[in-house]
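This report refers to the structure that appears directly beneath it.
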Amino acid sequence: MGLVQIALGCALAVVAVIVEGLADAAVVVVFEAAFFGTVIYLICYRRFARRVVADPPPAPVDEREDSAATARRVVLTNTALGLSFVVIAVATVPSVVAGVSLGNGAACLRVCRLWRRWEQEHGRALLREPRWRFSAAGRRGWGRGRGMLDPQDFYAGETARPDGA
């Protein structure tokens, strides 16, 4: 997901340079990427990422999704986000949206690094079973959705693969 976000951010940065000029776009993209990436990682992603590796349960099944299917799912999942980023970039300032996408991608890659380190230290593969569910009804009478970094979706496999994948 992080790589897809970075690719989208780079494409939008090229558009920003064409529309806004090199100097203006470069300053805004770099600032937005650094600011948004840091804030989203510190406030949101880091907390979820640490919860995931705190005590992941063993995987419930031995059958794993093919890595090509995983890659397709990641691309398809990010397509809607990418399209909305493009629409927002066209309607507003492309350099800001490019920076947000780059920052989010960098934050996602930082989470992957944390998880990879956990896998290497524990000799176990961290697996995710993607699901979407609603929690119990809240104070206002409706449940809230659980997102992509829900610790309930992660499991520890028996052993990590030697290639690190």
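Nothing fancy with the numbering, it's 1 onward along the sequence.
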R113, CZ: over 12 other non-hydrogen atoms inside 6.0 angstrom = no
Heavy-atom nearest pair, L127 first then G157, reads CD1-CA, 3.9 Å
Atom of G105, atom of Q5 and distance for their closest heavy-atom approach | CA-CB, 3.5 Å
Distance from F85 atom CZ to L8 atom CG, nearest 0.5 Å?
-> 6.5 Å
What is the minimum heavy-atom distance between C108 and G2, and which atoms define it?
-> CB-CA, 3.6 Å
For L126 and E119, work out which heavy atoms get closest and say how close.
-> N-OE2, 2.7 Å
With sequence neighbours excluded, residues passing side-chain hydrogen bond (donor to acceptor under 3.5 Å, both in side chains) with E32 | none
Linked, directly or transitively: V15 and V97 (ILVMFWY side chains, under 4.5 Å) | no
Atom pairs and distances, donor-acceptor, side-chain atoms in residues 51-60, under 3.5 Å, two or more places apart:
none

Given a cutoff of under 4.5 Å between side-chain heavy atoms of I, L, V, M, F, W and Y, with clusters grown through shared members, what are the other residues clustered with L22?
-> V17
Linking Ile, Leu, Val, Met, Phe, Trp and Tyr by side-chain heavy atoms under 4.5 Å, what else ends up with V29?
-> L3, I6, L102, L109
Do you know which two heavy atoms are closest between S101 and G9, and how far apart they sit?
-> OG-N, 3.3 Å
Pair V111-W115, side chain to side chain contact (heavy atoms under 4.5 Å, CB included): steps then yes or no | CA-CA 6 Å; V111 168; W115 288 341; 3.6 Å; yes
Transitive ILVMFWY cluster of V14 at side-chain heavy atoms under 4.5 Å: who else is in it?
-> I18
Are Y45 and L42 connected in a single hydrophobic cluster, I mean Ile/Leu/Val/Met/Phe/Trp/Tyr linked by side-chain heavy atoms less than 4.5 Å apart?
-> yes
First locate atom CZ of R46, then atom CD1 of I40, and finally report the distance between them rounded to the nearest 0.5 Å.
-> 12.5 Å
Take L83 and V87 through the side chain to side chain contact (heavy atoms under 4.5 Å, CB included) test and state the conclusion after the steps.
-> CA-CA 6 Å; L83 290 174; V87 168; 5.6 Å; no
Step by step, would you call N104 with F36 a side chain to side chain contact (heavy atoms under 4.5 Å, CB included)?
-> CA-CA 7 Å; N104 190 54; F36 185 81; 3.8 Å; yes
Group every Ile, Leu, Val, Met, Phe, Trp and Tyr by side-chain heavy-atom contacts under 4.5 Å, then state whether Y41 and V30 land in the same group.
-> no
Other hydrophobic cluster members with F31, side-chain heavy atoms of Ile/Leu/Val/Met/Phe/Trp/Tyr under 4.5 Å, chained?
-> F35, V39, I43
In short, S95 meets V28 closest at the heavy-atom pair OG-CG1, 3.2 Å
